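Right, one structure below, let's go through it.
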Amino acid sequence: MEIQLNFAPLEEIEAEALAVVVFDKEKGEPLGPRAEQSEPLRRLVQPLLESGEASGKPYEAAMIHRPEGLKARRLVLVGGGKRDRFGAVELRRAAGAAARFLRPKSISQFVFLADAPGLEPAAQAAAAVEGAVVADFEADKYKTEKKEQKRIERLELAGFDQALESRLSETIHRSRILAESQNFARDLINEPSNRMTPTILAERACLMAAETGLECEIFGRDKIEELKMGAFAAVARGSAEPPALIVLRYTPAGAPERPLLGFIGKGITFDTGGISIKPSEGMEKMKYDMAGGASMIAVLRAIALLRPPLKAMAVIAATENMPGGRAQKPGDIQVAMSGKTIEVVNTDAEGRLVLADALHYAKTLGCTHLVDAATLTGAIAVALAGVNLGAFGNDQAFLEQFLAAARDCGEKAWPMPLDDEYRELIRGHMADIQNVGGRHGGAVTAAMFLKEFSGDTPWIHLDIAGTAWVDEAKAYIAKGASGVAIRSLVTLALRLASG
Ligand code: BES
Ligand code: MN
Ligand code: ZN
């Protein structure tokens, strides 16, 4: 997608379509601060508001052809909900909804008026770009009937002062890389497990690394066992597919020794549950159990392209979780790389096992800060549904930095507790720790388990099981992998780099 700024007055903008947000008129002014200054726009919108064709209902779109008084060939009105609640999240979705409304109509170019009341210009440009690029992604590569690949080819942003041109161009460049990295991860995540084995995931990571100038190292089963990653190896035992430990390194010349940011990802390319096998209903979705791993690969991609002056690495533990003849069994005791002993009560709680060793390994490689992302528990979806990801951490300041980055990126994250009392729930009977708690607080006990392995190192854990997959297509995003958390994590890295 080509992305440009358009500084022409609204009436003078030439385009296949001009997209403008309209707000819920019951709650006040239906147009944003820029649009309401345009006499022709106000006149054009009025009858649609009266008829209810444009109601301001979130992300509903209406279109007018040959709008009088405008040079644009079409005017698209996108619902933005309540005017005073229209922020970074809503603006992204509105831009996305405009793109997804126009795309199937073969309208491949449009101008979006960034017009959110009270949002900084750079934040608005970022939202519009990210919203449109994310919206332009569709999981259709295996459809043989190619309904001529309809894509948005050009986006222009209107509503800005020309004085901001160079600053906004930088924002556009960064946002494009963030959103394209998000789509890069979505493509990996959507792949079915027969086309996205641990080996293929590792190959894709190395290919990307070669293209962007990252270092890439892959370890197989022997090396994983040699490193004494007993928890990771135990999960991998059940599968005939070889596991892969993927390490990506970004080491810019002249970067300070500290911080060294470690991005740890759960890369279960298919989770059957192992011997504690899952019910068949819905099991097909467990191909997305490598979303955390794919996201961390995408985070390193974006970092490599944006080149912040700080060191970062990704460590992804990739394997299938299968009930093979050599698979681990409930009750088995494993020794993690850290030396801690783990009683595996349920082989379906495999994510925390592979992450235990990946987190510890990242520490041995010198990471000063750890962030992991994992589709770790169904319980996080029970708690937060598909709206917020669950954010845990052992360092309040670090966690708050993440939450602020997420807010600014229009990604929803909610802080979750890690009180000492929860530790009791995963106390081992014969070993140090067991891999499941009781029926209650499943997302928290899973995070408590990981906390044992991050130790004193500042650490954030993101449980994305509820948010990594979009069950039903929305006006602004396709069904399938969402690519959640990538934008927030890259933004966090950029902020740590700039002090
Ligand atoms: N990969 C699953 C978690 C999951 C569930 C991801 C639904 C996406 C959608 C994880 O490995 C798992 O099976 N967790 C168990 C833990 C339980 C055995 C303590 C769960 O959530 O049921
Ligand atoms: Mn599982
Ligand atoms: Zn899993």
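Both ligands and their constituent atoms are indexed starting at 1 by order of listing. Worth saying up front: this structure is predicted, and the values here are computed from it rather than measured.
- Under a 4.0 Å heavy-atom criterion, R439 is not in contact with ligand 1.
- Draw a line from the Mn ion (ligand 2) to OE1 of E350 and another to O of D348, and the angle between them is 70° (to 10°).
- Using a 4.0 Å cutoff on heavy atoms, Y288 counts as a contact of ligand 1.
- In D271, the N, O or S atom that comes nearest to the Zn ion (ligand 3) is OD2.
- Among the candidates K479, R151, R103, the single residue satisfying the salt bridge (charged side-chain N to carboxylate O under 4.0 Å, His left out) test with D140 is R151.
- Annotation: side chain of M296 is in contact with side chain of L489 (closest heavy-atom distance under 4.5 Å).
- In summary, D24 and K57 do not engage in a salt bridge, as defined by a charged side-chain N under 4.0 Å from a carboxylate O.
- With respect to atom 19 (C) of ligand 1, the closest heavy atom belonging to the protein is V436 CG1, 3.5 Å.
- Taking the six-membered ring where the residue is Trp, H461 and W459 present parallel rings, their angle staying beneath 30° rather than reaching 60°.
- Distance check for K266 against the Zn ion (ligand 3): an N/O/S atom falls below 2.8 Å.
- When only non-hydrogen protein atoms are considered, atom 12 (C) of ligand 1 lies nearest to D348 O, 3.2 Å.
- Checked against the Mn ion (ligand 2), the N, O or S atom of D271 at the shortest distance is OD2.
- Heavy-atom proximity to K266, at under 4.0 Å, picks out these atoms of ligand 1: 1 (N), 10 (C), 11 (O).
- Every atom of ligand 1 is numbered from 1 in the order shown, and the set under 4.0 Å from a heavy atom of N346 is 18 (C).
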Self-check item: Worked verdict on D187 versus K141 for salt bridge (Lys or Arg N to Asp or Glu O under 4.0 Å)
Solution: CA-CA 9 Å; D187 182 42; K141 67 196 263 194; 3.2 Å; yes
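- When hydrogens are left out, the protein atom nearest atom 2 (C) of ligand 1 is D271 OD2, 3.5 Å; that is the closest non-hydrogen contact.
- In this structure, T347 and G274 approach most closely via the heavy-atom pair OG1-C, 3.5 Å.
- For atom 21 (O) of ligand 1, the nearest protein heavy atom is under 4.0 Å away.
- Between E191 and K287, no side-chain nitrogen of the basic residue sits less than 4.0 Å from a carboxylate oxygen of the acidic one, so the salt-bridge criterion is not met.
- Both tests hold for K105 against F101: distance to the six-membered ring centre under 6.0 Å, angle to the ring axis within 45°.
- Ligand 1 lies nowhere less than 4.0 angstrom from a heavy atom belonging to K285.
- The Mn ion (ligand 2) does not have D289 among its coordinating residues (no N/O/S atom, backbone or side chain, under 2.8 Å).
- Residues L248 and M313 form no side-chain contact, since every pair of their non-hydrogen atoms from C-beta on lies 4.5 Å or further apart.
- The closest approach between any non-hydrogen atom of L376 and ligand 1 is below 4.0 Å.
- Counting only heavy atoms of the protein, atom 16 (C) of ligand 1 lies nearest to R352 NH2, 3.8 Å.
- If you look at D289 and ask which of its N, O or S atoms sits nearest the Zn ion (ligand 3), the answer is OD2.
- Donor-acceptor pairing under 3.5 Å is recorded for the side chains of T375 and D289.
- Judged by the 6.0 Å distance and 45° axis criteria, R100 is not positioned over the aromatic ring of Y476.
- Residues Q434 and I342 fail the side-chain proximity criterion, which asks for heavy atoms closer than 4.5 Å.
- A heavy-atom distance below 4.5 Å is found between the side chains of Y250 and P308.
- Between K278 and ligand 1, at least one N/O pair is under 3.5 Å apart.
- If you number the atoms of ligand 1 from 1 as listed, the ones under 4.0 Å from a heavy atom of M286 come out as 1 (N), 6 (C), 7 (C), 8 (C), 9 (C).
- Listed by number with element, the atoms of ligand 1 under 4.0 Å from a non-hydrogen atom of E350 are 11 (O).
- Considering each of G273, A465, A349, G378, the one bringing a non-hydrogen atom nearest atom 6 (C) of ligand 1 is A465.
- Summary: OE2 is the N/O/S atom of E350 found nearest to the Zn ion (ligand 3).
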